[in-house]
Asker: 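Take a look at the following structure, please.
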Amino acid sequence: MAVTGGGEGRGALFDLDGTLVNSEPRSMEVWARLLQAHGRPYDEEVLHRFMGRRGPDVVAEDPSLFPGVSWDVLLVELQRIGSAPDLPPVQVLPESVAFVRSLHGRGVPVALVTSAGREWAESALKMAGLWELFTGTVTAADVAVGKPDPEGYRAGARMLGVPPERITVFEDTPAGVEAGRRAGMGVVGVTTTHDRETLSGADLVVDHLTEVGWPPPGGTGRAKA
């Protein structure tokens with residue numbers, strides 16, 4: 001990974017799934033199959049609870065999802081289900097890739113803050129041709145508490161060496177938008193997986209990141225507990 005500098009003293013932190021790559025249809029199908037395997041009822045609302053968040057956090061919050069089953073057991077099952085050949089494909093979001101490249105060309109440092117594991121984060125960034133442009137990554141195992149907690153984004157700010165109020169977060173889920181706001185950063189929501197109303201907590205909501213000017217609005221230090 002390359003370490004960049006400059007960029008008018010500003011930085012950018014990106015979510016991964018749903019923001020740089022469209023992997024959510026695949027992820028939702030995996031969770032649906034896991035719930036089916038355990039004979040558990042679910043609907044779109046239940047599946048959406050997993051978007052943008054670490055699986056263990058969601059399961060811990062609602063033990064009724066998989067009663068009596070440990071996360072270690074669920075993780076093995078998720079890995080097995082996730083290797084099925086008939087799952088929806090992951091698609092790179094070309095507008096997001098173009099936007100990251102434009103920031104890199106301006107000398108704006110960028111890092112990744114994701115609820116996914118490190119192996120997938122590296123694989124997805126390489127798939128998108130962006131791995132070398134990122135200063136670093138904050139993944140699920142790097143934080144004690146996942147989104148919507150701001151810990152990951154605060155870690156990303158330290159990684160960039162840029163004050164939170166000079167950073168913009170790019171997210172596709174309500175949990176990620178909340179995490180960015182709680183970290184005191186400006187937030188841009190992209191409507192890959194959620195509608196505009198659901199992302200209304202962001203400073204700016206767009207359909208594609210190529211609609212975003214630089215610097216975007218926000219970043220006024222609205223940190224809260």
Side-chain angles (χ1 to χ4, degrees), residues 1-5 7 10-21 23-24 26-27 30-31 49-61 70-76 78-79 82 90 96 100 103-104 108-190 193 219 223-225:
M1 286 191 180
V3 178
T4 58
R10 304 184 66 93
L13 295 173
F14 288 85
D15 172 56
L16 176 61
D17 297 292
T19 301
L20 298 178
V21 297
S23 56
E24 296 297 4
R26 183 186 186 91
S27 177
V30 169
W31 283 110
R49 287 163 61 185
F50 291 95
M51 283 191 174
R53 302 193 61 200
R54 302 188 307 179
D57 293 338
V58 178
V59 172
E61 285 178 3
S70 71
W71 174 251
D72 289 342
V73 170
L74 292 174
L75 181 58
V76 172
L78 281 169
Q79 291 171 338
V90 176
S96 297
V100 172
L103 292 187
H104 179 73
V108 178
V110 299
L112 190 77
V113 180
T114 177
S115 298
R118 184 164 298 278
E119 183 177 353
W120 168 243
E122 179 176 344
S123 174
L125 285 180
K126 288 180 177 178
M127 180 195 311
L130 297 175
W131 173 252
E132 298 299 329
L133 305 189
F134 277 71
T135 298
T137 60
V138 179
T139 64
D142 298 322
V143 296
V145 186
K147 302 172 187 177
D149 190 272
E151 181 185 350
Y153 279 117
R154 289 171 178 163
R158 292 191 295 271
M159 183 177 288
L160 294 182
V162 177
E165 65 271 14
R166 301 286 294 173
I167 291 176
T168 301
V169 163
F170 297 90
E171 274 281 358
D172 72 298
T173 67
V177 168
E178 181 180 343
R181 291 193 64 118
R182 290 174 63 184
M185 301 171 184
V187 182
V188 173
V190 57
T193 60
K224 60 181 181 181

Asker: Between NE2 of H104 and CD of E132, what distance do you get to the nearest 0.5 Å?
Answerer: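 Reported to 0.5 Å precision, the distance equals 9.5 Å.
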Asker: Quick one: list whatever passes side-chain contact (heavy atoms from CB on, under 4.5 Å) with A111, sequence neighbours left out.
Answerer: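 Partners of A111 under the side-chain contact (heavy atoms from CB on, under 4.5 Å) test: L13, M159, L160.
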Asker: Is there a side-chain contact between D149 and D57 (heavy atoms, below 4.5 Å)?
Answerer: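 In short, these two side chains do not touch, never coming nearer than 4.5 Å.
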Asker: Tell me, with the steps shown, if V30 and F50 meet side chain to side chain contact (heavy atoms under 4.5 Å, CB included).
Answerer: CA-CA 11 Å; V30 169; F50 291 95; over 6 Å; no
Asker: Could you report the tightest heavy-atom contact between G176 and Y153, atom names first, then the distance?
Answerer: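 Heavy atoms of G176 and Y153 come nearest at O-CE1, 4.0 Å.
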Asker: Taking side-chain contact (heavy atoms from CB on, under 4.5 Å) as the definition, give me every residue that meets it alongside V73, ordered by chain and number, with sequence neighbours left out.
Answerer: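 Scan of V73 (side-chain contact (heavy atoms from CB on, under 4.5 Å), adjacent residues dropped) gives V69, S70, E77.
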Asker: Would you mind reporting whether T137 and L125 have side-chain heavy atoms less than 4.5 Å apart?
Answerer: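 Yes, their side chains come closer than 4.5 Å.
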Asker: Taking all non-hydrogen atoms of both residues, which atom of A175 and which atom of K147 are closest, and how far apart?
Answerer: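 Between these two residues, the closest heavy atoms are O-CB, 4.0 Å.
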Asker: Considering non-hydrogen atoms only, spot the tightest contact between M185 and V169 and give its length.
Answerer: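 In this case the closest contact between M185 and V169 is SD-CG2, 3.5 Å.
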Asker: Just jot down the salt bridge (charged side-chain N to carboxylate O under 4.0 Å, His left out) partners of R118, sequence neighbours excluded, or say none.
Answerer: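 For R118 the salt bridge (charged side-chain N to carboxylate O under 4.0 Å, His left out) partners, ignoring immediate neighbours, are D142.
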Asker: Run the numbers on V21 and L16 for side chain to side chain contact (heavy atoms under 4.5 Å, CB included), then give the verdict.
Answerer: CA-CA 6 Å; V21 297; L16 176 61; 4.2 Å; yes
Asker: Report the residues that fulfil salt bridge (charged side-chain N to carboxylate O under 4.0 Å, His left out) with E61, sequence neighbours left out, ordered by chain and then residue number.
Answerer: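 Counting only residues at least two positions away or on another chain, E61 forms a salt bridge (charged side-chain N to carboxylate O under 4.0 Å, His left out) with R53.
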Asker: So, taking the atom named CG in L112 and the one named OG1 in T135, what distance separates them when rounded to the nearest 0.5 Å?
Answerer: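 If we round to the nearest 0.5 Å, L112:CG and T135:OG1 are 11.0 Å apart.
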Asker: So, taking the atom named CE in M127 and the one named CD in E122, what distance separates them when rounded to the nearest 0.5 Å?
Answerer: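 M127 atom CE to E122 atom CD measures 12.0 Å (nearest 0.5 Å).
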Asker: For V162 versus G11, what's the shortest heavy-atom pair and its separation?
Answerer: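 Looks like CG1-N, 3.9 Å.
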Asker: Using the salt bridge (charged side-chain N to carboxylate O under 4.0 Å, His left out) criterion, which residues pair with D17? Sequence neighbours excluded.
Answerer: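 Residues passing salt bridge (charged side-chain N to carboxylate O under 4.0 Å, His left out) with D17: none at all.
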Asker: Which atom pair, heavy atoms only, marks the closest approach of P150 to A179?
Answerer: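 For P150 versus A179, the nearest heavy atoms are CB-O, 3.6 Å.
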Asker: Any idea which heavy atoms bring M51 and T193 closest together, and the distance?
Answerer: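 Smallest interatomic distance, heavy atoms only, reads SD-CB, 4.0 Å.
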Asker: Show your working on side chain to side chain contact (heavy atoms under 4.5 Å, CB included) between F14 and V188 and close with a plain yes or no.
Answerer: CA-CA 10 Å; F14 288 85; V188 173; over 6 Å; no
Asker: Are side-chain heavy atoms of W120 and V90 found at a separation under 4.5 Å?
Answerer: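 Yes, at least one pair of side-chain atoms sits under 4.5 Å.
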Asker: What residues form a side-chain contact (heavy atoms from CB on, under 4.5 Å) with V143, not counting sequence neighbours?
Answerer: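 Residues passing side-chain contact (heavy atoms from CB on, under 4.5 Å) with V143: R54, V138, E151.
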Asker: So, does S96 use its side chain to make a donor-acceptor pair with the main chain of T19 at under 3.5 Å?
Answerer: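 Side chain of S96 to backbone of T19, a donor-acceptor pair under 3.5 Å: yes, one is there.
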Asker: Keeping the roles fixed (side chain from R154, backbone from G184), state whether a donor-acceptor pair exists under 3.5 Å.
Answerer: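 The answer is no, because no donor-acceptor pair under 3.5 Å joins these two groups.
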Asker: Determine, step by step, whether V190 and F170 satisfy the side chain to side chain contact (heavy atoms under 4.5 Å, CB included) criterion, reporting the C-alpha distance in whole Å, the side-chain angles of both residues, the deciding distance to 0.1 Å, and the verdict.
Answerer: CA-CA 7 Å; V190 57; F170 297 90; over 6 Å; no
